Amino acid sequence: VKATRREWIGGSALACAGLASAPVAAASAATAPENKSDPQLLSELYGTEQLLIDVYGRVIASGLLSSRVRSAAQRVLGQEGVHRQELERQLRALGAGTPPRLAGPDAIDKALRAAKVSGSVEDLHSEHDGVRLLLEVEMAAQHAYFMAISQLHTGALAQFAAQILASEAQHQTVISEARRPGNSAQAAPYSFIGG
Amino acid sequence: VVSPSLGAAATRRALFKRSGGSLATGAVLGLAACGGGSRPADVRTIPESARNADVTIINGLLDQAERTIAAYTASVPLLTGHVRAAAKQFLGQDLEHAGVLYRLIKQAKGQANKPAPSYDLGRPRNRTDLVRLLHELERQMVASYLHAVPTLAPGSTRATVASIMASDAQHVSVLRLSLHLDPSPGALITGAE
C-alpha cells in the first residue's frame, strides 16, 4: 500500500504536471513583468480590502440577504475591517500613506471591473445576486493576496499577507456555508487558493 | 486509529482511484485559473544552500500532509452524511497538496521523504472524536505552512505554500462547523484556531 500511495502521489505530480505546477507557475509569471516595492504592494492590498468592505456594506444594506447569510456577512465585514486596519498599520510602519477611499457605487463598480469581477453593487435583485457578488469579490481578493505574496520582498510581510489570504479563503467558506449549509463542494471548491 | 489497516488499505485504494478523477478536474480548473502559457518557477537562480534548506522545510510539510492524508483515509469509511462527503473531498485536495509539495522538492533537486508505514492517530471513539482529530491535524498543517512561508524562496514557492495553507484553512472552517464552532474565529489566521 505504501508503494502504491507513493507512486500515486509521485505520479500525480508528474502525470498531472499542469495541475502540480499551476500555482507555482502562476506566481512565477506574476513576478516577471514588474518589480513593485513592498509599500506599493501593501497599498494595492489596502485598496482590495476597501473594495471588500464597500461591497459587503452595499450587499448587506440591500436587504436581500436572509438573516443567516446577513449575520455571516456582518461577521466577515468586521474581519475585513481588521484586515484594513492591519494593512494601514503596516503601511504607516513603512512610512507610506493609504490610498483614497472609493467614492460611491460607480467607483466601486469600476474597481470591481478592474478586479475582473462581473457583478455590480447597482444590479442586485436577489440573495443569489448578493452572495454571488460576495463570493466573486472574495476570490478576486484571494488572487490579489496570492500575487502579492509572490512579489513581497520581506518575508514577514509575505507571512502577514498569507494570514489574510487564509482568512479570505475562510470567508468564502463562511458565506457559502451560510447560503447552502453542508455543501462542502461549494464551500471549499478548489485545492489551491488564489492562483 | 492506526493507519493503514488491511481494511483501510482496500478502501484507500478505492478512494485514490476516485480522487484520480477529481484530480483531472482539478488540473483543468488549475490551468484555467492560471490562464495557461505560464512557466514553472526557476529554482536554478536560488543558491544550493537555500535550496537545501527549502527541501528540509518542505519535506517537513510533506510528512505532515502524509499524516493528515492517512487520517482522512482511515476516517472516511467511519463517517456519514455531509461530514463524510467533506472528508472525502478534503482527502482528494490534500493528496493534490502532497503532489505539489513533492514536485517542489524535486524542482529543488531534493529527495522527497517517504510516508511512514503507519501513523498512530490515537483512539477516536466516535464521530466527534474523528472530526476533532481531522480538525487538529488540519490546524497543525495551517500553523506549519504559515511558519514556513517567510523562510522559503523564491516568492513563487512562498505563494504556492500560502495557497495550500489557505485551502487547509477552508478545511478547518468546515470541520469547525461540524463541531459547532465558529468557522472563522479570527481575522488573521495563526493556526491556533
Side-chain angles (χ1 to χ4, degrees), chain A residues 1-2 4-6 8-10 12-13 16 18-31 75-76 78-79 82-83 86 142 146-147 149-152 155-156 158-159 161-174 177 182-185 187-188 190-195, chain B residues 4 9 12-13 16 23-24 26-27 29-31 33-34 38-42 82 85-86 89-90 93 95-100 102-104 106 114-115 117 142 146 149-151 154-160 162-167 169-174 177 183-184 186-190:
Chain A
V1 171
K2 186 175 73 172
T4 303
R5 186 163 78 171
R6 169 52 60 201
W8 195 95
I9 293 172
S12 73
C16 300
L19 170 73
S21 64
V24 183
S28 177
T31 54
R75 286 203 311 276
V76 169
Q79 294 192 346
V82 174
H83 296 168
E86 290 297 317
Q142 291 162 18
F146 175 83
M147 290 305 194
I149 291 164
S150 73
Q151 297 174 71
L152 283 161
Q159 187 181 45
Q163 288 183 280
I164 302 182
L165 168 66
S167 173
E168 305 298 4
Q170 288 195 334
H171 293 171
Q172 179 189 355
T173 300
V174 166
E177 276 281 345
N183 189 338
S184 59
Y190 303 117
S191 302
F192 302 98
I193 305 296
Chain B
R12 184 158 66 186
R13 276 192 290 275
F16 285 169
L23 188 72
L29 290 169
L31 285 171
C34 297
S38 46
R39 60 187 185 281
D42 187 357
H82 64 81
Q89 180 187 335
F90 298 165
Q93 293 182 338
L95 281 164
E96 291 184 33
H97 298 166
V100 166
Y102 182 90
R103 181 180 162 85
L104 286 173
K106 290 293 176 189
K114 292 182 177 175
V142 169
L146 182 61
V149 163
T151 65
S156 58
T157 303
R158 283 181 185 166
T160 299
S163 173
I164 296 173
M165 181 188 99
S167 169
Q170 289 188 327
H171 298 175
V172 168
S173 281
V174 172
L177 279 167
S184 177
L188 295 175
I189 303 304
T190 65

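As the structure is a computational prediction, the values presented were derived from the model and not from experiment. Protein chains get the first letters and strands the later ones, always in sequence-line order, with residue 1 at the start of each.
Residues passing the side-chain contact (heavy atoms from CB on, under 4.5 Å) test with A:Ala187, sequence neighbours excluded: A:Thr173, A:Ser176, A:Glu177, B:Val174.
Interface remark: of the candidates B:Val142, B:Leu146, B:Val149, B:Leu146 forms the most heavy-atom pairs closer than 4.5 Å to chain A. Of all the listed residues (A:Ala162, A:Gly194, A:Ala188), the one sharing the greatest number of non-hydrogen pairs under 4.5 Å with chain B is A:Ala188. Listed options B:Ala166, B:Ala187, B:Pro150 were ranked by heavy-atom pairs under 4.5 angstrom with chain A; first place goes to B:Ala187.
Residues A:Gln163 and B:Thr190 form a side-chain contact, since some pair of their non-hydrogen atoms from C-beta on lies under 4.5 Å apart. Two residues are said to be in side-chain contact when any heavy atoms from C-beta on lie closer than 4.5 Å; A:Gln170 and B:Pro183 fail this criterion.
Contact annotation for B:Leu177: only side-chain heavy atoms (C-beta onward) come within less than 4.5 Å of a heavy atom of chain A. Only the side chain of A:Glu86 comes within contact range of chain B, with at least one heavy atom under 4.5 Å from a heavy atom of that chain. Both the backbone and the side chain of A:Ala185 come within contact range of chain B, each with at least one heavy atom under 4.5 Å from a heavy atom of that chain.
Paired with A:Ser191 under the rule side chain to side chain donor-acceptor pair (under 3.5 Å), one option of B:Glu96, B:Gln170, B:Gln89 passes, and it is B:Glu96.
To the nearest 0.5 Å, atom CD1 of residue A:Ile149 and atom OG1 of residue B:Thr157 are 12.5 Å apart. Here the OH atom belonging to A:Tyr190 is positioned 11.0 Å from the CD atom belonging to B:Gln93, to the nearest 0.5 angstrom. With values rounded to the nearest 0.5 angstrom, B:Ser184 atom OG is found 12.5 Å from A:Gln172 atom CD. Put simply, OG1 on B:Thr151 and CD on A:Gln159 are 9.0 Å apart, with the number rounded to the nearest 0.5 Å. Rounding to the nearest 0.5 Å places CD of A:Gln79 at 9.0 Å from CG of B:Leu188.
The two residues B:Ile189 and A:Ala166 come nearest to each other via the heavy atoms CG1-CB, 3.5 Å. Here the closest non-hydrogen pair linking B:Thr160 and A:Phe146 is N-CE1, 4.2 Å.
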